[in-house]
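Chain naming here is simple, since letters A, B, ... match the order of the sequence lines and numbering starts at 1 in each.
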Protein chains: 2
Amino acid sequence: MDRETTIMNRPLTPRGAATKRRIVEAAAELIHARGAEHVSLDDLMEITNTSKSQLYHYFANKEALVRDVIDLQTGRIVAANAAYLGALDSFTALRAWGDMVVAAYRAGGGVGGCPLGSLANELSSRSEDARLQLKQSFSTWATVIENGLRRMRQDGRLRPDTDVGGVAVAMVAAVQGGILLAKTARDARSLECAVDMALAYVARHAA
Amino acid sequence: MDRETTIMNRPLTPRGAATKRRIVEAAAELIHARGAEHVSLDDLMEITNTSKSQLYHYFANKEALVRDVIDLQTGRIVAANAAYLGALDSFTALRAWGDMVVAAYRAGGGVGGCPLGSLANELSSRSEDARLQLKQSFSTWATVIENGLRRMRQDGRLRPDTDVGGVAVAMVAAVQGGILLAKTARDARSLECAVDMALAYVARHAA
DNA sequence: TTCGTAGTGGACTGTCCAGTCCATTATGTG
DNA sequence: CACATAATGGACTGGACAGTCCACTACGAA
């Protein structure tokens, strides 16, 4: 949510804002690698050089911290996708998007998989708030893709009757499933297969 | 693994075998709904009317119990898929498989998603043993699909150069990703979109 | 029937961890 | 400078939970 207040909704000083940011970023990294339930507040205190009181000064509880982490990761993923899809104007550009997805996975060493996917799996059946937030994250992500596809449709590259919304959702699903299999096998091949399928699915709607 | 011995590798009497089976089946159900880490041994003791000693009489530890649960769920999923893919002989039959996947998801009320997918997400970065076991589960599942596709290729329904292995992996990925999005949104539409994509991907290789 | 082992009961331990509480130090604004 | 409030330190609590241990009961084979 807002990264600029304490739990009492008080404004932060520059020092406080820096501390809060440091905590959220470290939490994002650790949670990506281990999952939210396996990052203890003591872990966080240690690697961010903070105390228990600080965590509870900036966040109402652990759940609120996770909320901020999800926001951070959503922003990162949407930005990375928008960079490739914002000006989607050809199948070549789409291929570049697919390569980026695989490269991003490889860059993380396969550790943790997708920050959103892992959290969705972990939290969606335990916290209704987290589930709704992650549902929104996926929706935003799919919308970014959908907008790119819609532009291709307007440009006459995709057939007029193409269900860009459905295709976009399927593409996100392909990425999520591919990453899950890849992280289980510790081999990016599954993700490559899934991305190939997603790209072929778009190509199938070519005008 | 073997469901027929105690931790000391001693054979079980009928009564013992029944108790062990009761524990594994109840654990499978609870773990599917909540995840392995959120099923305590006390939970299991309560719903199976057993005591702590019994759990440790039949299983070396919780990890061993989860191992048996993964085996059980893998067997169920592979059997369900083989029933539809074992005699895969047309695109209509493939569509029936897709419908079965969606129906199976709906039957579970969207609770917990795929038993294997959820566990893979939860365990693959925490237990190397579990990761390898689940990798094998996914591999077996994909092989069942692959064999069906290979038969279609032999029958001349798919082009000779079709990479049945890659397509099969992509299909499993589509199912996994679709289920993840569906359980996050509590709406089977994502899974339907993903399954449509998977079926279209096979159709794309039609001879 | 007897005896060894399978099967069962349940108390207890040690550890991990979110969250509470009270105290002290830093900061910026009037 | 003074004082209100932000920022920080860290001990303590209570609960959850895997795993241990010892005692007791049921059963099947000799």
Side-chain angles (χ1 to χ4, degrees), chain A residues 2-24 26-27 30-31 33-69 122-123 126-127 129-130, chain B residues 2-24 26-27 30-31 33-69 122-123 126-127 129-130:
Chain A
D2 55 347
R3 209 159 289 127
E4 296 307 327
T5 62
T6 70
I7 58 174
M8 303 308 286
N9 232 41
R10 294 269 182 49
L12 297 181
T13 66
R15 181 163 68 130
T19 301
K20 186 171 185 180
R21 207 177 318 116
R22 183 158 43 100
I23 293 170
V24 173
L30 272 190
I31 287 175
R34 301 193 212 154
E37 321 239 26
H38 294 101
V39 175
S40 71
L41 299 186
D42 294 273
D43 290 335
L44 239 34
M45 286 160 56
E46 185 168 340
I47 70 162
T48 59
N49 283 307
T50 52
S51 65
K52 205 50 111 34
S53 338
Q54 285 171 278
L55 298 184
Y56 282 90
H57 183 64
Y58 297 110
F59 306 96
N61 47 37
K62 190 178 176 182
E63 193 183 344
L65 170 57
V66 171
R67 194 155 50 228
D68 276 12
V69 168
E122 181 182 356
L123 301 177
R126 290 192 62 72
S127 157
D129 286 346
Chain B
D2 56 346
R3 208 160 289 126
E4 296 307 328
T5 63
T6 69
I7 58 175
M8 303 307 287
N9 232 39
R10 293 271 182 48
L12 296 182
T13 66
R15 181 164 67 132
T19 301
K20 187 170 184 181
R21 206 177 319 117
R22 184 159 41 102
I23 293 170
V24 173
L30 273 190
I31 286 175
R34 301 194 212 153
E37 321 241 25
H38 293 102
V39 175
S40 71
L41 300 185
D42 294 273
D43 291 335
L44 279 173
M45 286 161 56
E46 186 168 342
I47 69 162
T48 60
N49 283 307
T50 52
S51 65
K52 202 53 106 41
S53 337
Q54 285 173 279
L55 298 184
Y56 281 91
H57 183 65
Y58 297 111
F59 306 97
N61 48 36
K62 190 178 177 183
E63 194 183 344
L65 170 57
V66 171
R67 193 154 52 227
D68 276 12
V69 167
E122 181 182 356
L123 301 177
R126 290 192 62 72
S127 158
D129 285 347

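- If you run side chain to side chain contact (heavy atoms under 4.5 Å, CB included) between B/L65 and each of B/V39, B/L44, B/I31, only B/L44 comes through.
- For A/Y56, counting side-chain heavy atoms from C-beta on, the closest listed nucleotide (C/dT8, D/dG19, C/dG19) is C/dG19.
- For A/K62, whose side chain is taken as the heavy atoms from C-beta onward, the closest listed nucleotide among C/dT8, D/dA18, C/dA18 is C/dA18.
- The NZ atom of B/K52 lies 5.0 Å from the CG atom of B/D42; values are rounded to the nearest 0.5 Å.
- No N or O donor and acceptor, one from the side chain of B/T19 and one from the base of C/dG7, sit under 3.5 Å apart.
- Taking CD of A/Q54 as the start and CG of A/N49 as the end, the distance is 9.5 Å to the nearest 0.5 Å.
- Distance B/L55 CG to D/dG19 C1': 11 Å, rounded to the nearest Å.
- Dashed line: the shortest gap from a side-chain N or O of B/Q54 to OP1 or OP2 of C/dT8 is under 4.0 Å.
- Counting only heavy atoms from C-beta outward, the side chains of A/T19 and A/H57 never approach each other to under 4.5 Å.
- Across the protein-nucleic acid pair, A/H57 atom NE2 and C/dT24 atom P stand 18 Å apart, rounded to whole Å.
- Between the side chain of B/T50 and the base of C/dG9 there is no donor-acceptor pair of N/O atoms closer than 3.5 Å.
- As a whole-Å value, the separation of A/N61 CG from C/dC21 P is 15 Å.
- Here the P atom of nucleotide D/dA16 and the CZ atom of A/R126 are 13 Å apart, to the nearest Å.
- Here the side chain of A/S53 is nearest to one of C/dG19, D/dT20, D/dG10, namely D/dG10.
- The residue A/K52 sits close to a base: some heavy atom pair falls under 4.0 Å.
- With values rounded to the nearest 0.5 angstrom, B/E37 atom CD is found 7.5 Å from A/E37 atom CD.
- Regarding contacts with the backbone of C/dT8, a side-chain N or O of B/Y58 is found under 4.0 angstrom from either OP1 or OP2.
- In the region residues 34-43 of chain A, proximity to DNA chain D at under 4.0 angstrom, judged on heavy atoms, holds for none of the residues.
- Atom-to-atom, CD of B/E46 to C1' of D/dA16 comes out at 15 Å; the value is rounded to the nearest Å.
- Along DNA chain D, the nucleotide closest to B/P14 and the one closest to A/P14 are compared, and the more 5′ of them pairs with A/P14.
- Rounding to whole angstrom units, CD1 of residue B/I23 and C1' of C/dT8 are separated by 11 Å.
- In this structure, the separation between OG on B/S40 and CZ on B/R34 is 7.0 Å, given to the nearest 0.5 Å.
- The distance between atom CZ of B/F59 and atom P of D/dA18, rounded to the nearest whole Å, is 14 Å.
- Here the straight-line distance linking atom CE of A/M45 with atom CD1 of A/I47 works out to 12.0 Å at 0.5 Å rounding.
- One can place CE of A/M45 at 9 Å from P of D/dG10, the figure rounded to the nearest angstrom.
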